[in-house]
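Written out below as structure tokens is the structure these notes cover.
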2 protein chains.
Amino acid sequence: MTSTLGYAILTVLARGPRSGYELATAMGHPLGYFWTARHSQIHPELQRLVAAALVGFEQVPGPGPQRKKIYSITGPGLAALREWVVEPPQPRPERDELVLKAYAAWLADPAELAKLFRSRLEAHELRLAAFEAERAAFPGTPGYGSERFGEYATLWCGIGYENHRIAWCRWMIDQLETGRCPDQPSVSLYPSCEATKPSES
Amino acid sequence: MTSTLGYAILTVLARGPRSGYELATAMGHPLGYFWTARHSQIHPELQRLVAAALVGFEQVPGPGPQRKKIYSITGPGLAALREWVVEPPQPRPERDELVLKAYAAWLADPAELAKLFRSRLEAHELRLAAFEAERAAFPGTPGYGSERFGEYATLWCGIGYENHRIAWCRWMIDQLETGRCPDQPSVSLYPSCEATKPSES
DNA sequence: GTCCTCATGTAAACCGTTACATGATTTC
DNA sequence: GAAATCATGTAACGGTTTACATGAGGAC
């Protein structure tokens with residue numbers, strides 16, 4: 001029983017031996033799009049994985065008196081990873097601040113909020129373009145037994161997600177820019193002296 | 001400067017006064033789809049919000065010697081909330097265990113993994129149906145000045161997300177069930193005695 | 001009488017981020 | 001010589017979950 005971070009590390013190590021530093025940089029691309037960790041989290045976790053014999057390491061003398069450790073997955077580590085992959089993930093609570101802001105949109109200045117969503121839209125469009133370019137680099141769909149299948153599958157997911165977000169941002173911007181503003185409900189404030197409060201628009 | 005949880009609470013309180021208990025249950029539906037918190041987190045946060053004068057409360061004697069507190073948003077609280085809504089959200093690192101498992105799919109038994117994705121697909125289809133039913137209950141698109149616009153906008157986002165997930169799960173299942181399994185790359189194990197290791201399929 | 005809902009809190013543990021701390025190698 | 005990169009760790013802090021703790025009211 002390891003934490004999900006442990007399995008994320010094992011997932012990378014199954015692709016080949018890495019140093020702690022390389023693992024930390026691997027948490028950037030493409031892994032960083034669905035799992036991240038800083039080196040300050042990775043090094044202690046590696047120590048735990050070594051203690052659990054899921055991972056081993058070799059001291060590699062780099063140029064000079066460098067104490068570089070190259071970690072590899074062990075047989076038991078690979079077995080644990082294989083088991084974990086097909087287990088249902090424990091549901092994590094969703095926390096999406098942008099959606100929360102959308103939920104509170106009725107309180108905001110629509111022009112200001114549209115500006116925020118336009119900037120988010122741009123970011124999603126940029127990321128989509130990068131993902132599309134990456135997918136174009138694949139000759140075809142890799143088979144599931146191939147290491148590259150994972151990359152392709154997560155890329156597929158990322159492209160779908162970005163498209164969904166782009167559509168939503170566009171819809172939000174459209175609503176905020178061209179939408180009518182029919183009813184302005186009241187906010188009941190504390191101290192509860194005034195029952196209704198007209199909008200300051 | 002409050003935490004996002006504080007703004008989530010203010011977002012709910014802007015819709016009307018609530019007790020701490022009601023706030024905790026409000027973190028179920030629909031808020032729970034994009035922000036959650038337990039009562040053990042809500043009560044201390046309410047104390048902080050009261051200390052910051054963003055929120056006030058009235059002791060309401062329920063039936064019997066009940067010490068129930070009804071919280072309301074204050075003028076400064078509403079002002080802070082309005083400012084927060086249009087500020088760009090700080091980017092949170094994505095952590096999606098299912099996508100991580102997809103990244104490690106090449107190690108797994110495809111039939112077992114397909115089973116997992118079928119169960120996830122079912123869950124997304126159920127949630128989509130619930131969302132669609134909710135959207136059908138709206139007479140039309142609420143204007144952005146309406147309190148209900150937030151509900152509609154987040155529902156829109158949720159429906160788009162579920163559709164995206166459903167498409168991805170279906171693609172994954174299709175790949176795992178009908179896909180070919182051409183190349184089986186090796187895993188370099190520790191101790192590094194064997195360079196290649198054929199698959200146990 | 002027992003269980004469920006309403007109601008409010010605290011404490012311990014865990015996960016993750018930021019900051020602190022060190023030091024060699026390479027590039028400009 | 002300064003800065004960037006490679007390299008490994010620890011400490012403090014903040015946010016979140018789980019568990020502990022209590023108690024009234026209503027339904028069965």
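Below, chain A is the first sequence line, B the second, and so on; all start at residue 1. Computed from heavy atoms alone, side chains included, the values below leave out hydrogens, waters and symmetry copies.
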Salt bridge check, A/Lys68 against A/Glu22: does any charged N sit closer than 4.0 Å to a carboxylate O? no

Looking across every strand, which nucleic acid part, if any, lies under 4.0 Å from A/Phe57 by heavy atom: base, sugar-phosphate, or nothing? nothing

In whole angstroms, how far is the C1' atom of C/dC15 from the CZ atom of B/Arg92? 13 Å

Are the aromatic ring centres of A/Tyr161 and B/Trp168 under 6.0 angstrom apart? no

Output the single nucleotide from C/dA7, D/dT8, C/dG16 whose closest atom is nearest the side chain of B/Ser19. C/dA7

Can you tell me the distance, in whole Å, between the NE2 atom of A/His43 and the C1' atom of D/dT8? 5 Å

A/Glu22, nearest nucleotide to its side chain (from C/dA7, D/dA7, C/dG16): D/dA7

Does anything in residues 106-118 of chain A pair up under side chain to side chain donor-acceptor pair (under 3.5 Å), and if so which pairs, sequence neighbours excluded? A/Arg118-A/Glu177

May I ask you to check whether over 12 heavy atoms, not counting those of B/Glu122, lie within 6.0 Å of atom CD? no

For the pair made of NZ in B/Lys68 and P in D/dG25, what is the distance, rounded to whole Å? 13 Å

B/Glu97 CD to C/dG16 C1', in whole Å, measures 16 Å

Atom pair distance, as rounded to whole Å: CZ in B/Arg18 and P in C/dA7: 13 Å

Answer yes or no: is there a donor N or O on one side and an acceptor on the other, between the side chain of B/Arg92 and the main chain of B/Gln90, under 3.5 Å? no

Please name all residues satisfying ring pair (Phe, Tyr, Trp, His ring centres under 6.0 Å) with A/Trp84, sequence neighbours left out, ordered by chain then number. A/Tyr7

Here the salt bridge (charged side-chain N to carboxylate O under 4.0 Å, His left out) pairs for residues 26-40 of chain B, sequence neighbours left out, are none

Nearest-Å distance, CZ (A/Arg48) to C1' (C/dG16)? 12 Å

Look at the side-chain N and O atoms of A/Tyr21 and state whether any lies under 4.0 Å from the OP1 or OP2 oxygen of D/dC6. yes

So, using ring pair (Phe, Tyr, Trp, His ring centres under 6.0 Å) as the criterion, who are the partners of A/Tyr33 when residues are at least two apart? A/His29, A/Phe131

Result for 5'-nearest mapping on DNA chain C, choosing between A/Trp35 and B/Gln47, is B/Gln47

Could you check how far CD1 of B/Ile42 sits from P of C/dG9, rounded to whole Å? 12 Å

Taking five pairs at each end, how big is the angle between the two axes of the helix from C/dG1-D/dC28 to C/dC28-D/dG1, to 10°? 20°

Axial cation check for A/Tyr71 ring with A/Arg18, 6.0 Å and 45° limits: no

Find every protein N or O atom lying less than 3.5 Å from an N or O atom of nucleotides 17-20 of chain C, and list the pairs.
residue: C/dT17; atom: OP1; partner: B/Arg95; partner atom: NH2; Å: 3.2
residue: C/dT17; atom: OP2; partner: B/Arg95; partner atom: NH2; Å: 3.3
residue: C/dT18; atom: OP2; partner: A/Arg38; partner atom: NH1; Å: 3.2
residue: C/dT18; atom: OP2; partner: A/Arg38; partner atom: NH2; Å: 3.3
residue: C/dT18; atom: O4; partner: A/Ser40; partner atom: OG; Å: 2.8

At less than 4.0 Å, is any side-chain N or O atom of B/Lys69 found next to OP1 or OP2 of C/dG9? Yes or no. yes

